[in-house]
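One structure below.
Just so it is clear, the structure is predicted and the values come from calculations on it, not from any experiment. Throughout, a chain's letter reflects where its sequence line sits, starting with A, and its residues are numbered from 1.
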Protein chains: 2
Amino acid sequence: MHLRRRRSAHWLALWGCIATSVGLAQATWSQTTNVTLEAVRSYRDEHSSRILDELVTLLEIPNVASDDDNIRRNARLLVEMLESRGVAAQLLETPGAPPAVFGSLEVRGATRTVVFYAHYDGQPADARRWQSEPWKPLLRDGPLRDGARTLPLSALDGEVDGEWRLYARSASDDKSPIVAMLTALDALREAGVQPSVDLKFFFEGEEEAGSAHLGTLLRENAALLAADLWLFCDGPIHQSGLQQVVFGVRGVIGVNLTLYGPLRALHSGHYGNWAPNPAASLASALAGMRAPDGRVLIDGFYAGVRAVSEAEHRAIADAPAVETQLLQEFGLRAAEVDGASVLERILQPAMNVRGLASGAVGSAARNAIPSEARASIDFRLVPDQDPERVRQRVEAHFETAGYFVVHDEPSLEQRRAHARIVRMQWGSGYPAMRTPLDLAVSRAVVRVAEEASTSKVLRIPTLGGSLPLYLFEEILGAPLIVLPMVNHDNNQHAPDENLRLQNLWNGIDLYASVMARLGELWDTD
Amino acid sequence: MHLRRRRSAHWLALWGCIATSVGLAQATWSQTTNVTLEAVRSYRDEHSSRILDELVTLLEIPNVASDDDNIRRNARLLVEMLESRGVAAQLLETPGAPPAVFGSLEVRGATRTVVFYAHYDGQPADARRWQSEPWKPLLRDGPLRDGARTLPLSALDGEVDGEWRLYARSASDDKSPIVAMLTALDALREAGVQPSVDLKFFFEGEEEAGSAHLGTLLRENAALLAADLWLFCDGPIHQSGLQQVVFGVRGVIGVNLTLYGPLRALHSGHYGNWAPNPAASLASALAGMRAPDGRVLIDGFYAGVRAVSEAEHRAIADAPAVETQLLQEFGLRAAEVDGASVLERILQPAMNVRGLASGAVGSAARNAIPSEARASIDFRLVPDQDPERVRQRVEAHFETAGYFVVHDEPSLEQRRAHARIVRMQWGSGYPAMRTPLDLAVSRAVVRVAEEASTSKVLRIPTLGGSLPLYLFEEILGAPLIVLPMVNHDNNQHAPDENLRLQNLWNGIDLYASVMARLGELWDTD
């Protein structure tokens, strides 16, 4: 704490100076909310070109966690971005992992500390499946599905339309939230408004790779990271376009499966119904794990699934139905979805087949029995499923079906000894987490969001996606709330990820409001 | 016929001259078999470098049927190779297809005509999965699986070991048989031995692409192609290493399936058990088409399968059991194969999954629901299954399962209207064919093979692989027999295709024997 205070002293003095000189430091937010929001909006209208320049510069650095050189270029730039705002910044290192970027800004008179969380790494991108280069941001005048036209980046120097979109890996997930937070600071300083809480920033560098070292980082920096609230600025807003405050996330564990056939691909004529076909075996194995309606058939998979509370059901009932719109947007027929609410569905765990690969298809297909077949799966978990227990149950499922389970490439001897072999390469997973909806801080965050938003704010018991939130609760003991800003149709984790610019503008308003207002509302509910 | 006679006149005169001058033209083969075989063997021992040079030059030309420029370079070289032997050669053209290469050599006094068939196109090759470049022939001192070392091609100028292997696409399937036939001609001429039958050569250019234009070519050139026997020099010898004479082939029909999910890949967390997953649906669909033991579950698939005759069962029983050796070689455990004989199995039809593709696996996997999933399948057919009927039954199978079957990319309206859509892209297929084992010519071919071989010759009722032999029977009315020469472990249709050099030497002996001897044995059985 001492180190942090010293580092940020200079800028704080400056801020105090500005705030005092414009006579706002002593005013209560409730009297000035509209004035300050207007000031923030004016700020980002006037500086839209500079704000988007900073985002584009950040998006141009590839950010797959395993790409060590580039991930560190991202981290160094983030430190510079924090320091340029007078935020004391440093890298938090642990061996074998991308660094986390930490920043701290103490405010005179504040009694609570809020940590803003985002991750700066992104999902891998298969450039062949993108319409543009993943790490070469491209501006379009709308979403690709509407046949949007490409605009030159120089168009951002003129009047910017909120419906324009910036296409790049991590445009939404999570680089734009980082830029929104830092711009919120700029806008408040320009308006002479002092934050109402001490601020910390924690930007993780391996979230999309499974957050294997996050626990270590939190444990080793527990004192530095002490706070009264962790605010997670990840994930999209509601599909209806409404702001949402999210109180939980699903857990996840992923596995890559490999099934083995003959040592080399064999002519499908000569050996076509004699030698076993691993692609056909994989299809049978997957069909035995997941029913066509999505139900997971692995024995014991649903053990420990926490019942949904009345408060959670009520919050969901209060959310608008978006299913019809989504079916239209995704080109789907309702039959498989069967009237189910997305929000109710994601309160249950899921098995998702994220990839299949064996031999070749289409014009590259050869009349051969493939020598192996691979599938990649992620399991989405809910409280109180334990990932390690899920792993054991999946392996037991294969063993019961007569498979010899290995974790490394099977030896020739093993292949000759076992008719059915599955190699399971597990990713590091983590459990789900849900925060109660009726804590004082939960209600305060909802009220701040309502003040910053021009429309209804939804309370969502859990996000469908996964974040390692359980760690913060377990290690740091602080409550966690997810306060997202990006558009729901952002293609995160997929080709052509994008950000709708209006969501960036709204995000700046939202995070500026949290900074300026949360301290006041915390105890006044 | 007139054209052909005129074109080949010059070389025939020359041959007659040589033959007469060395006093062999009038001698019967039975008196000179051993002498001639020795002469052929001496010839290929002495000219091994030149023979392999010619093969390497042919292998260096990429030969995927759809690669028009290169496929025609192959065809032009083959015309040159025929003409350099005095064989009248021409391209047989039909619009939209690679040309067939035709050659004709009439022999004084011969009363029968034999056509040597091979195809000069090859399967596509995924270079990333090869140890060497598919169209850059590489010499090794044995098979790759034994850790063979690479040898410089210049090693072929010294003493050549029959266990050496040449690695290249089509090294076995079928460019080396073509070189063996032409070298057989060279060797006989050098030995002053006149062929006992009129010879024709027919090298097809789109066999690996499904022979869509072969019927047209045969119909349009029926007079030119008239013959008493078609000899198919395709496929491998028996897995035991013994020479085999094969009397039938399986038919084939291939299909590429595409199943559809959301229009774009979706975050598997946010939509992970709400939006349908096409990869999981594909797995279920394939599991519903083929049982784990290989049995095809499509209603009516086995209708019309011809019963195996007593003669066929006897011929199979006479063949050595190779299954234990194959299991060892392919790294397989017997359980799935369940003691079944390969030869008995391939008398039945099969469904082979030759490829799967959806999303991504391994380190490229993303936590997303793929927007589509693809599988490529080939069905191996036996007499008297009709490919068109099989196609209908497969489509009916999907329709019964509630799928909307399309053959082109489904429209947005179709995707919104149907919960389950499958796109089926069918390749051109053809039925199977089997020739009776007891025709005079069948027996004569077996005897020639026995004379040329140093060990037992097997009679195989059907090859597991597919060739469009039904067309020759249907259009030209001539009997067909398959007389292969290449090693069974040649990786045809797969990465690292190769030729064991001893099989080339044996093939030269074999085809020289057919040319010199078949006419005599035809009627003397």
Interface residue of largest heavy-atom contact number with chain B, from [options], under 4.5 Å:
options: A:Gly269, A:Ala265, A:Ala287, A:Ser284; result: A:Gly269
options: A:Ala364, A:Ala125, A:Ser66, A:Ala279; result: A:Ala279
options: A:Asn367, A:Asp496, A:Thr258; result: A:Asn367
options: A:Ala280, A:Ala285, A:Ala360; result: A:Ala360
options: A:Ala350, A:Gly359, A:Ala368, A:Ser268; result: A:Ser268
options: A:Leu343, A:Val252, A:Leu263; result: A:Leu263

For [X], is it the side chain, the backbone, both, or neither that has a heavy atom closer than 4.5 Å to a heavy atom of chain B?
X: A:Arg374; result: both
X: A:Gln425; result: neither
X: A:Arg129; result: side chain
X: A:Gln328; result: both
X: A:Leu266; result: side chain
X: A:Ser363; result: backbone

Is a side-chain donor or acceptor of [X] paired with a backbone partner of [Y] at a separation under 3.5 angstrom?
X: A:Thr462; Y: A:Leu347; value: no
X: A:Asp173; Y: A:Gly122; value: no
X: B:Ser376; Y: B:Gly355; value: no
X: A:Arg250; Y: A:Gly464; value: yes
X: B:Tyr430; Y: B:Leu467; value: yes
X: A:Arg423; Y: A:Leu259; value: no

[X] versus chain A, the contacting section by heavy-atom distance below 4.5 Å:
X: B:Ala375; value: backbone
X: B:His418; value: backbone
X: B:Asn273; value: both
X: B:Glu344; value: neither
X: B:Ala357; value: both
X: B:Ala417; value: backbone
X: B:Pro410; value: neither
X: B:Asp126; value: neither
X: B:Gln348; value: both
X: B:Ile369; value: both

Between [options], which residue shows the highest count of heavy-atom pairs closer than 4.5 Å to chain A?
options: B:Met289, B:Gln414, B:Gln492; answer: B:Gln492
options: B:Leu257, B:Leu286, B:Val296, B:Val342; answer: B:Val342
options: B:His267, B:His488, B:Met351, B:Arg415; answer: B:His267
options: B:Asp378, B:Leu356, B:Asn256; answer: B:Leu356

Do you know the tightest heavy-atom contact between [X] and [Y]?
X: A:Leu332; Y: B:Ala275; answer: CD1-CB, 4.2 Å
X: B:Leu326; Y: A:Trp274; answer: CB-CH2, 3.7 Å
X: B:Gly465; Y: B:Val249; answer: O-CB, 3.7 Å

**Item:** All side-chain hydrogen bond (donor to acceptor under 3.5 Å, both in side chains) counterparts of A:Asn487, not counting sequence neighbours
**Value:**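 Once residues adjacent in sequence are excluded, the partners of A:Asn487 under the side-chain hydrogen bond (donor to acceptor under 3.5 Å, both in side chains) criterion are A:Asp489, A:Asn498.
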**Request:** Please list, chain by chain and in numerical order, all residues satisfying side-chain hydrogen bond (donor to acceptor under 3.5 Å, both in side chains) with A:Arg264, sequence neighbours excluded.
**Result:**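 A:Arg264 satisfies side-chain hydrogen bond (donor to acceptor under 3.5 Å, both in side chains) with B:Glu329, B:Asn491 once adjacent residues are dropped.
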**Message:** Quick check on B:Arg295: does its CZ atom have over 12 non-hydrogen neighbours (other residues, nucleotides or ligands) under 6.0 Å away?
**Reply:**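 No.
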**Request:** Verify whether one side chain among A:Asn277 and B:Asn352 offers a donor that lies under 3.5 Å from an acceptor in the other.
**Result:**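 A donor-acceptor contact under 3.5 Å links the two side chains.
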**Request:** Check the side chains of A:Ser466 and A:Arg380 for a donor-acceptor pair under 3.5 angstrom, ignoring hydrogens and angles.
**Result:**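 A donor-acceptor contact under 3.5 Å links the two side chains.
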**Request:** Check B:His493, B:Glu497, B:Gln123 against B:Arg169 for a side chain to side chain donor-acceptor pair (under 3.5 Å) and give me the one that passes.
**Result:**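 Answer to the side chain to side chain donor-acceptor pair (under 3.5 Å) test with B:Arg169 among B:His493, B:Glu497, B:Gln123: B:Glu497.
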